[in-house]
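Before any comments, here is the structure.
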Amino acid sequence: MSDQIALSNITIFQKDTANKIREAYVEGFTEPFYFGVHGGVRDFYKAETEIEYPSTLDHIVAAAGG
């Protein structure tokens, strides 16, 4: 079995429930990452948000493609 090379330590807060905004703090970074809904995801969930942020799915796709 190989040695562990990394461990993610992330804290997520539900910041603004009405706008579906979550704020994530990743250990080692000072600025938070924001997640929310937009476009088709927003339409699918019938959310009416004032602010749009990338969804968690957007972040997963970006990470896999990177």
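What you see is a predicted model, and the numbers here were worked out from it, not measured in a lab.
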Seminar exercise, completed: Tightest non-hydrogen contact, residues Ala24 and Phe35, listed as CB-CE1, 3.4 Å

Seminar exercise, completed: Hits for side-chain hydrogen bond (donor to acceptor under 3.5 Å, both in side chains) against His38, two or more places apart or cross-chain, chain-then-number order -> Asp58

Seminar exercise, completed: To the nearest 0.5 Å, atom OG1 of Thr17 lies from atom CG of Asn19 at 9.5 Å

Problem set entry | Connected hydrophobic set around Tyr34, excluding itself, where side chains approach under 4.5 Å | Ile21, Ile51, Tyr53

Exercise. What residue pairs, at least two apart or across chains, pass salt bridge (Lys or Arg N to Asp or Glu O under 4.0 Å) with a residue in residues 4-23?
Worked result: Lys15-Glu23

For this session: Taking side-chain hydrogen bond (donor to acceptor under 3.5 Å, both in side chains) as the test, write out the residues that go with Gln14, two or more places apart.
Result: none

Exercise. With ILVMFWY side chains joined below 4.5 Å, transitively, what does Phe13's cluster contain besides itself?
Worked result: Tyr25

Please tabulate, one pair per line, all N/O donor-acceptor pairs under 3.5 Å involving side-chain atoms of residues 39-47, not counting sequence neighbours.
from: Arg42; atom 1: NH1; to: Glu52; atom 2: OE2; distance (Å): 2.7

